[in-house]
Amino acid sequence: FGDPAQWRRGRGWYERAWPKCPASGARTVVGIDATPAYHVWYDAPKNMAAFYGRALGQLRLVWMLRDPVAKYWSYFWELKSYGGD
């Protein structure tokens, strides 16, 4: 929802990225998008609201945060594994 290049691909592109959740009826249905980069994209919340529209009121969105120092050490070692400086 945040990357402008992917957002421009349109709703159909996003809908093909994940399987459809079945109609819930009386049971609970859980869908997850665990994308760690949404917090860096300014338009992500606006794009999510546009995508889900009125259904957004029926959804529960959870934003999980990590310890910032641990996150950056993790990122550092990931870059090193790719040969980055």
Side-chain angles (χ1 to χ4, degrees):
F1 292 101
D3 184 340
Q6 291 180 351
W7 182 248
R8 282 192 293 271
R9 294 179 182 184
R11 182 181 189 93
W13 182 84
Y14 274 91
E15 289 177 340
R16 284 190 301 276
W18 297 279
K20 288 206 177 283
C21 291
S24 64
R27 61 188 191 122
T28 301
V29 176
V30 176
I32 184 171
D33 176 6
T35 304
Y38 287 156
H39 72 282
V40 301
W41 298 105
Y42 178 78
D43 289 335
K46 178 184 72 164
N47 293 344
M48 287 178 190
F51 183 85
Y52 289 109
R54 291 182 7 200
L56 190 60
Q58 299 173 344
L59 301 175
R60 181 175 298 167
L61 304 177
V62 177
W63 189 335
M64 296 171 44
L65 302 175
R66 288 177 62 183
D67 169 32
V69 174
K71 187 243 184 269
Y72 283 106
W73 271 115
S74 173
Y75 182 58
F76 170 80
W77 290 112
E78 179 184 4
L79 288 178
K80 293 298 273 182
S81 74
Y82 295 129
D85 292 326

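Just so you know, these numbers use all the heavy atoms, side chains as well, and skip hydrogens, waters and symmetry mates.
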Please tabulate, one pair per line, all N/O donor-acceptor pairs under 3.5 Å involving side-chain atoms of residues 71-78, not counting sequence neighbours.
none

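One distance of note links CG of Leu61 with CE of Met48; it measures 7.0 Å at 0.5 Å rounding.
Remark: Pro4 engages Arg8, Trp41 in a side-chain contact (heavy atoms from CB on, under 4.5 Å) (not counting sequence neighbours). Under the salt bridge (Lys or Arg N to Asp or Glu O under 4.0 Å) criterion, Arg11 pairs with Glu15, sequence neighbours left out.
Counting only residues at least two apart or in different chains, salt bridge (Lys or Arg N to Asp or Glu O under 4.0 Å) contacts with residues 34-46 comprise Asp43-Lys46. For residues 47-57, the pairs satisfying side chain to side chain donor-acceptor pair (under 3.5 Å) are Trp7-Asn47, with sequence neighbours left out.
When every heavy atom of Gly2 is checked against every heavy atom of Ala44, the shortest pair comes out as CA-CB, 3.9 Å.
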